[in-house]
Enquirer: 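Quick one: the structure is below, questions incoming.
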Amino acid sequence: PLDRLLRRGLVLDEVGGESVVLIAETRTGAVRAYLRGPNHFELTADGAVVDATGRRWIPKEAALVPAGEDEEVALERLPGHIALWFGWYGFYPDTELWDG
């Protein structure tokens, strides 16, 4: 559910066997999903996205990019959209919900 994601700001999960990170912008309600591979991310007290080594990452439209570094190590953004549950469930009744 979107309200839980917005409260947390960042979620690590797996979808279809792929490790993903979802980053929510609480001010606007925007949510972006990126492939994360073996990376582990968290939010700092000031809202920055950091990996396990403390390196900051910048959520951009096309990718999640390490701050001040070459974009070759950027993590691909995944397509997605926010949908009303009743509409989604009507087409995909076997969908599992994240219960974070």
Side-chain angles (χ1 to χ4, degrees):
L2 187 57
D3 60 333
R4 283 191 245 163
L5 176 57
L6 290 171
R7 277 195 306 273
R8 289 180 73 163
L10 184 143
V11 170
L12 305 176
D13 206 349
E14 269 196 32
V15 177
E18 295 282 354
S19 296
V20 299
V21 56
L22 286 85
I23 301 172
E25 188 176 304
T26 56
R27 185 178 51 80
T28 65
V31 176
R32 293 181 181 95
Y34 304 93
L35 289 175
R36 69 176 167 94
N39 298 295
H40 181 84
F41 295 101
E42 59 184 45
L43 287 178
T44 63
D46 66 353
V49 177
V50 296
D51 64 20
T53 68
R55 176 172 54 175
R56 289 180 179 253
W57 291 70
I58 310 299
K60 294 189 175 185
E61 286 304 310
L64 184 59
V65 181
E69 293 191 30
D70 190 343
E71 292 196 16
E72 287 184 20
V73 296
L75 302 173
E76 178 184 354
R77 183 171 174 195
L78 298 170
H81 69 276
I82 295 175
L84 296 174
W85 174 245
F86 71 86
W88 181 269
Y89 185 76
F91 286 97
Y92 306 101
D94 294 330
T95 298
E96 295 180 30
L97 284 179
W98 170 73
D99 63 3

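For clarity, every value in this text was computed on a predicted model and none was experimentally measured.
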Enquirer: Please identify each residue that fulfils side chain to side chain donor-acceptor pair (under 3.5 Å) with Glu96, with sequence neighbours left out.
Expert: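 Checked Glu96 against side chain to side chain donor-acceptor pair (under 3.5 Å); zero matches.
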Enquirer: Going through the distances and angles, do Arg56 and Val49 end up as a side-chain contact (heavy atoms from CB on, under 4.5 Å)?
Expert: CA-CA 6 Å; Arg56 289 180 179 253; Val49 177; over 6 Å; no
Enquirer: Using the side chain to side chain donor-acceptor pair (under 3.5 Å) criterion, which residues pair with Arg77? Sequence neighbours excluded.
Expert: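 If we apply the side chain to side chain donor-acceptor pair (under 3.5 Å) test to Arg77, skipping adjacent residues, the hits are Glu61.
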Enquirer: Do the side chains of Tyr92 and Trp85 join up, straight or via other hydrophobic residues, at under 4.5 Å, putting them in one cluster?
Expert: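 Yes, one cluster joins them.
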Enquirer: Once you round to the nearest 0.5 Å, how far does CD1 of Ile23 lie from CZ of Arg32?
Expert: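 Those atoms lie 8.5 Å apart.
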Enquirer: Quick check on the hydrophobic clustering: are Trp88 and Val15 connected, directly or via other members, by side-chain heavy-atom contacts under 4.5 Å?
Expert: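 No, Trp88 does not connect to Val15 through the hydrophobic network.
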Enquirer: For residues Ser19 and Gly37, report the shortest heavy-atom separation together with the two atoms involved.
Expert: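 Where Ser19 meets Gly37 most closely, the heavy atoms are CB-O, 3.4 Å.
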Enquirer: Could you grab the distance from atom CZ of Arg8 to atom CG of Leu43, nearest 0.5 Å is fine?
Expert: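 Between Arg8 CZ and Leu43 CG, I get 10.0 Å after rounding to 0.5 Å.
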Enquirer: Would you kindly confirm whether Leu97 and Val31 end up in one hydrophobic cluster when ILVMFWY residues are joined by side chain heavy atoms under 4.5 Å apart?
Expert: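 Leu97 does not cluster with Val31.
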Enquirer: Does the side chain of Asp51 reach to within under 4.5 Å of the side chain of Trp57, using non-hydrogen atoms?
Expert: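 Yes, at least one pair of side-chain atoms sits under 4.5 Å.
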Enquirer: Can you name the side-chain contact (heavy atoms from CB on, under 4.5 Å) partners of Leu12, sequence neighbours left out?
Expert: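 So Leu12 forms a side-chain contact (heavy atoms from CB on, under 4.5 Å) with Leu10, Val21, Arg36, His40, Phe41.
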Enquirer: Any side-chain heavy atom of Thr28 within less than 4.5 Å of one from Glu25?
Expert: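 In contact.
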Enquirer: Side-chain contact, heavy-atom cut-off 4.5 Å: Arg55 with Val50?
Expert: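 No, their side chains stay 4.5 Å or more apart.
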Enquirer: Would you check if Leu22 and Tyr34 make a side-chain contact, meaning some heavy-atom pair closer than 4.5 Å?
Expert: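 The answer is no, as the side chains (C-beta and beyond) never meet within the 4.5 Å cut-off.
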Enquirer: Would Tyr89 and Leu2 show up in the same hydrophobic cluster when neighbours are defined by side-chain heavy atoms closer than 4.5 Å?
Expert: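 Result: no, two separate clusters.
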Enquirer: Give the minimum heavy-atom separation between Ile82 and Gly29, together with the two atoms involved.
Expert: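 Shortest heavy-atom contact: CD1-O, 3.9 Å.
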Enquirer: Please name the pair of heavy atoms, one in Pro93 and one in Gly90, separated by the smallest distance, quoted to 0.1 Å.
Expert: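 Reported closest heavy-atom pair: CD-O, 4.4 Å.
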Enquirer: Contact between Leu64 and Ile58 at the side-chain level, heavy atoms closer than 4.5 Å - yes or no?
Expert: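 Heavy-atom side-chain distance check fails, nothing below 4.5 Å.
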